[in-house]
Chemist: 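Before I ask anything, let me first share the structure, which is written out below as structure tokens.
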Amino acid sequence: MTAVLAVVDLVPSGSAVSYGDVAELLGAGGPRQVGAVMSHYGSSVAWWRVLRASGEAPPGHEVAALRHYMEESTPLYGAYEAFLRTGEGRWRVDLTAARWAPTDSGFDQLDVISDQLERQLHKMSVPDDEMTV
DNA sequence: ATTCTGACTTGCT
DNA sequence: AAGCAAGCCAGAA
């Protein structure tokens with residue numbers, strides 16, 4: 001799960017990714033797994049930058065998320081202002097515009113993260129004496 | 001081992 | 001646009 005959180009940390013302010021994107025970048029698991037992690041440990045990171053593929057904020061946190069989106073000027077659709085005031089109306093994050101495209105350094109980070117994850121999955125501990133293969 | 005559940009997705013009405 | 005069914009993956013019961 002630390003892997004998921006690590007990926008979320010990579011997403012810059014003003015942009016976002018879907019649960020599925022994270023799973024893909026991670027090269028393991030699926031959207032539901034990412035969602036599960038976020039629901040339990042998401043509070044320690046910028047959770048609002050991970051949302052449904054449709055652009056809807058995480059269930060039960062739409063108001064808090066919207067405040068963040070407005071602060072970060074994340075691309076939005078619809079009557080979000082009205083929603084903030086009255087709680088009525090539909091709105092979404094414009095993922096086609098906000099979706100994060102990993103930078104070069106970002107890819108490097110992702111490699112490291114997915115490596116660690118895989119190692120963890122295989123439950124393989126690296127012998128401290130020889131790591132050369 | 002089997003069944004259930006969910007901050008998910010996609011495709012089809 | 002909105003609802004539904006089926007896939008999907010892991011962890012919990």
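In what follows, chains carry the letters A, B, and so on, assigned in the order in which the sequence lines appear, proteins first and then strands, with residues in each chain numbered from 1.
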Chemist: Looking only at heavy atoms, what is the nearest atom pair of A:Pro58 and A:Leu51, with distance?
Modeler: CD-CB, 4.2 Å
Chemist: Apply salt bridge (Lys or Arg N to Asp or Glu O under 4.0 Å) to A:Glu72 and list each qualifying residue two or more places apart in sequence or on a separate chain.
Modeler: A:Arg49
Chemist: Listed by chain and number, what are the ring pair (Phe, Tyr, Trp, His ring centres under 6.0 Å) partners of A:Tyr77, not counting sequence neighbours?
Modeler: none
Chemist: On a heavy-atom basis, which atom in A:Ile113 and which in A:Ala6 lie closest, and how many Å separate them?
Modeler: CD1-CB, 3.6 Å
Chemist: Mind listing the side-chain donor-acceptor pairs of residues 85-92 of chain A below 3.5 Å, one per line with the distance, residues two or more places apart or on another chain?
Modeler:
unit_1: A:Thr86; atom_1: OG1; unit_2: A:Ala82; atom_2: O; d: 3.0
unit_1: A:Thr86; atom_1: OG1; unit_2: A:Glu88; atom_2: N; d: 3.1
unit_1: A:Arg92; atom_1: NH1; unit_2: A:Ser54; atom_2: O; d: 2.9

Chemist: Check each residue of residues 75-93 of chain A for a non-hydrogen atom within less than 4.0 Å of any atom in DNA chain C, then write out the ones that pass by number, or none.
Modeler: A:Arg90
Chemist: Show which side-chain atoms of residues 32-44 of chain A pair as donor or acceptor with protein atoms under 3.5 Å away, not counting sequence neighbours.
Modeler:
unit_1: A:Gln33; atom_1: NE2; unit_2: A:Gly30; atom_2: O; d: 3.4
unit_1: A:Ser39; atom_1: OG; unit_2: A:Ala36; atom_2: O; d: 2.9
unit_1: A:Ser44; atom_1: OG; unit_2: A:Tyr41; atom_2: O; d: 2.9

Chemist: Can a side chain N or O of A:Ser18 be found less than 4.0 Å away from OP1 or OP2 on B:dC8?
Modeler: no
Chemist: If you look at every heavy atom in A:Ala28 and A:Leu117, which pair is closest and at what distance?
Modeler: CB-CD2, 4.0 Å
Chemist: Given the rule that a pair is Watson-Crick or G-U wobble with both distances under 3.5 Å, how would you write DNA chain B in dot-bracket, using | for pairs to a different strand?
Modeler: .|||||.||||||
Chemist: Taking only residues at least two apart or on different chains, which pairs with a member in residues 3-21 of chain A satisfy side-chain hydrogen bond (donor to acceptor under 3.5 Å, both in side chains)?
Modeler: A:Ser18-A:Asp21, A:Asp21-A:Arg99
Chemist: Distances for protein N/O vs nucleotides 9-13 of chain C N/O pairs under 3.5 angstrom?
Modeler:
unit_1: C:dC9; atom_1: O4'; unit_2: A:Gln33; atom_2: NE2; d: 2.9
unit_1: C:dC9; atom_1: O2; unit_2: A:Gln33; atom_2: OE1; d: 2.2
unit_1: C:dA10; atom_1: O4'; unit_2: A:Gln33; atom_2: OE1; d: 3.1

Chemist: Expected output is a numbered-order residue list: members of residues 51-72 of chain A with a heavy atom under 4.0 Å from any atom of DNA chain B. What is it?
Modeler: A:Leu51, A:Arg52, A:Ala53, A:Pro58, A:Pro59
Chemist: Does the separation of the ring centres of A:Trp47 and A:His61 fall below 6.0 angstrom?
Modeler: yes
Chemist: Under 3.5 Å, which donor-acceptor pairs link side chains of residues 102-112 of chain A to any protein atom two or more places apart or in another chain?
Modeler:
unit_1: A:Thr103; atom_1: OG1; unit_2: A:Ser105; atom_2: OG; d: 3.2
unit_1: A:Thr103; atom_1: OG1; unit_2: A:Gly106; atom_2: N; d: 3.1

Chemist: Would you sort out whether A:Leu66 and A:Glu62 count as a side chain to side chain contact (heavy atoms under 4.5 Å, CB included), showing the intermediate values?
Modeler: CA-CA 6 Å; A:Leu66 181 51; A:Glu62 26 287 302; over 6 Å; no
Chemist: List in chain and number order the residues that pass side chain to side chain donor-acceptor pair (under 3.5 Å) with A:Glu81, two or more places apart in sequence or in another chain; answer none if no residue qualifies.
Modeler: none
